[in-house]
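Encoded as structure tokens, the structure appears first; notes follow it.
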Amino acid sequence: MTSPYDPSGVRPVIGVDAGTATLREADHLIHGLLGRLAPTADVFACTHLHRTDERRGTTVSLALAEADADAVWQELVTTLPEGAGLALADRTRGPAAAVDGARLAAAAPPDSGRAVVYPGVRHLTGTVTAADLLDRTAIERLVVMGASAAELPPATEVMTQDHVRPEWRAGVLTLTLVPAAGGLLAPFEVPNPTPCCADHA
């Protein structure tokens, strides 16, 4: 599956700082926003840790199809609370500190970011194979923590726990895996204590 950051598919990115403190809160915000926005094409929605003297929290980026960017921007302006910050290219909205956070979020992918929603994520329920992860989603690289960089056999089974959060690493959407029960692998990040917004999966 082609990354949206290839020259043939660069997308506009909206940064959002809505004051969310934790990854779980940011995941909930993403699912809630996308449920209302209903973009016409696939979206990459990521979280980004934001650490400054003024605020420690989690911001969000939404990488969209060009055709959706204006409509999603307008919907966010009317949907998010007044204190939220938004940034899209030269456009901004909100208090200065929140806009600064939103700008950083918009500029982060594809160098960094934890992907919550991405093309193919709906396929990642139950147990899947390494081939499923690479062929049916936007995930481009699988890494097993503590193991060599050798490529995983396509039939290697991965227990998703319905919670798969790959990360952008220098332009490559990468999923870190760890050994799990029964000789399977599982994503390094586990749902804690239960998957956020399970009804959105």
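Just so you know, these numbers use all the heavy atoms, side chains as well, and skip hydrogens, waters and symmetry mates.
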Rounded distance [0.5 Å steps], [atom1] in [X] versus [atom2] in [Y]:
X      : Y      : atom1 : atom2 : answer
Leu185 : Thr160 : CG    : OG1   : 12.5 Å
Ile14  : Leu64  : CD1   : CG    : 5.0 Å
Leu37  : Leu62  : CG    : CG    : 7.5 Å
Arg24  : Leu29  : CZ    : CG    : 14.0 Å
Thr137 : His123 : OG1   : NE2   : 8.5 Å
Leu80  : Arg93  : CG    : CZ    : 7.5 Å

Between the side chains of [X] and [Y], does any donor sit under 3.5 Å from an acceptor?
X      : Y      : answer
Thr47  : Arg114 : yes
Ser61  : His48  : yes
Arg141 : Thr176 : no

Below 4.5 Å, heavy atoms only, C-beta onward: do [X] and [Y] meet side chain to side chain?
X      : Y      : answer
Phe44  : Val117 : no
His163 : Glu189 : yes
Val128 : Leu133 : yes
Val13  : Leu88  : no
Glu75  : Asp70  : no
Arg103 : Asp17  : no

Exercise for the section: Determine whether more than 12 heavy atoms belonging to other residues, nucleotides or ligands lie under 6.0 Å from atom CZ of Arg56. Expected result: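 Open: at most 12 neighbouring heavy atoms sit under 6.0 Å from CZ of Arg56.
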Practice task
Provide the closest heavy-atom pair for Ala26 versus Thr58 in the form atom of the first, atom of the second, distance.
Solution key: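 In this case the closest contact between Ala26 and Thr58 is CB-CG2, 3.6 Å.
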Handout entry: Donor-acceptor under 3.5 Å (Glu140 side chain, Leu173 main chain)
Key =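 Side chain of Glu140 to backbone of Leu173, a donor-acceptor pair under 3.5 Å: yes, one is there.
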Problem - Salt-bridge criterion met for Asp111 and Arg169 (N-O under 4.0 Å) - result: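 Salt bridge: no.
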